[in-house]
Amino acid sequence: NEQPGHEQMWEDLIRMKWWPLLLTCLVGLSRHVRGETLCPKEGGSSCKCQTPSGLIDLTPLSSATGARFSIQDPSGVTYTYNPCNGFKEGGCPDGTAVCQTSTTALGTIGSETIYYDDASSISGLVVAYSTANSQVQVNLICDKTATTPTISYNGKIIKLTVFDLTSCQCCYGGCGGTATAPTPSAGSSAVAPDIIGIVLI
């Protein structure tokens, strides 16, 4: 009997609703390939990451009430995001970290994890959120001049939505610290925190 092709295999996986496990495996594999390390929680907080290069603290980027950031993708879909404190918005319940069009929670507070890659020249940190049906990755981009944070839509693949958050608070040592992003070691390349190309390989 003729064996099913790769296209049929992928279709079967998605149709059988195995995509959450598949997506988790792909994300995990890409992080392994890039040499990323799960960040130890500083003081029990997932918004503080103590790395060998310095402390990353996202709490100043979070609002105490409601979502801090609003992002729109090229098709006009609106996302709201609060890094460290949960919020409620429309159909998104209390504890939401990322909400899509005020109807669907894509990530929740309590699910967040920070990964870092010291080979990256732009801090190489990502913070990930999830629900049972979706995952969100926020690339933390260090810019010492960015005292006002900005966030942009990066892309989407299957159920993984990716944003880029640029701020001096995403630098080692924060806005007031003296620590900067590390210089890549000999033989390593400066890898920008973009998971999409790796997942598609």
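Since we're looking at a predicted model, the values are computed, not measured.
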Phe87 reachable from Tyr79 in the ILVMFWY side-chain graph, under 4.5 Å edges: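 Unlinked, Tyr79 and Phe87 end up in two clusters.
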Common cluster, Tyr81/Ile114, ILVMFWY with side-chain heavy-atom separation under 4.5 Å: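 Linked within one cluster.
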Hey, does the side chain of [X] reach the backbone of [Y] with a donor-acceptor pair shorter than 3.5 angstrom?
| X | Y | answer |
| --- | --- | --- |
| Asp143 | Thr166 | no |
| Lys144 | Gly174 | yes |
| Glu112 | Gly110 | yes |
| Asp73 | Tyr153 | no |

Return the minimal non-hydrogen interatomic distance between [X] and [Y], and the atom names on each side.
| X | Y | answer |
| --- | --- | --- |
| Thr59 | Cys47 | CG2-CB, 3.9 Å |
| Gly107 | Tyr129 | CA-CB, 3.9 Å |
| Ser130 | Gln135 | CB-CG, 4.0 Å |
| Ala105 | Cys92 | N-SG, 3.5 Å |
| Ser152 | Ile71 | C-CG2, 3.9 Å |

Would you compute the distance between atom [atom1] of [X] and atom [atom2] of [Y] and round it to the nearest 0.5 angstrom?
| X | Y | atom1 | atom2 | value |
| --- | --- | --- | --- | --- |
| Ile56 | Cys170 | CD1 | SG | 7.0 Å |
| Lys48 | Cys84 | NZ | SG | 9.5 Å |
| Leu140 | Leu165 | CG | CG | 6.0 Å |
| Asp164 | Gln137 | CG | CD | 9.0 Å |
| Thr113 | Tyr115 | OG1 | OH | 4.0 Å |
| Leu106 | Asn133 | CG | CG | 10.0 Å |

Inter- and intrachain pairs under side-chain hydrogen bond (donor to acceptor under 3.5 Å, both in side chains), touching residues 86-100, at least two apart: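 For residues 86-100: Thr80-Glu89, Glu89-Ser102.
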Step-by-step side chain to side chain contact (heavy atoms under 4.5 Å, CB included) determination, Thr78 to Ser70: CA-CA 7 Å; Thr78 299; Ser70 179; 3.7 Å; yes
Pair Phe163 and Phe69, ring centroids less than 6.0 Å apart: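 Judged by ring-centre distance (under 6.0 Å), Phe163 and Phe69 do not meet the cut-off.
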Test item: Asp57 and Gln169 side chains (from C-beta on) under 4.5 Å apart, heavy atoms: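 SC-SC contact between Asp57 and Gln169 confirmed.
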Ser167/Thr150 under side chain to side chain contact (heavy atoms under 4.5 Å, CB included): CA gap, chis, key distance, verdict: CA-CA 7 Å; Ser167 170; Thr150 59; over 6 Å; no
Chi angles and distances behind the side chain to side chain donor-acceptor pair (under 3.5 Å) call for Ser62, Asn82: CA-CA 6 Å; Ser62 196; Asn82 206 38; 3.2 Å; yes
Distance SG-SG for Cys171, Cys142 less than 2.5 Å: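 Taking the criterion (SG atoms under 2.5 Å apart), Cys171 and Cys142 satisfy it, so yes.
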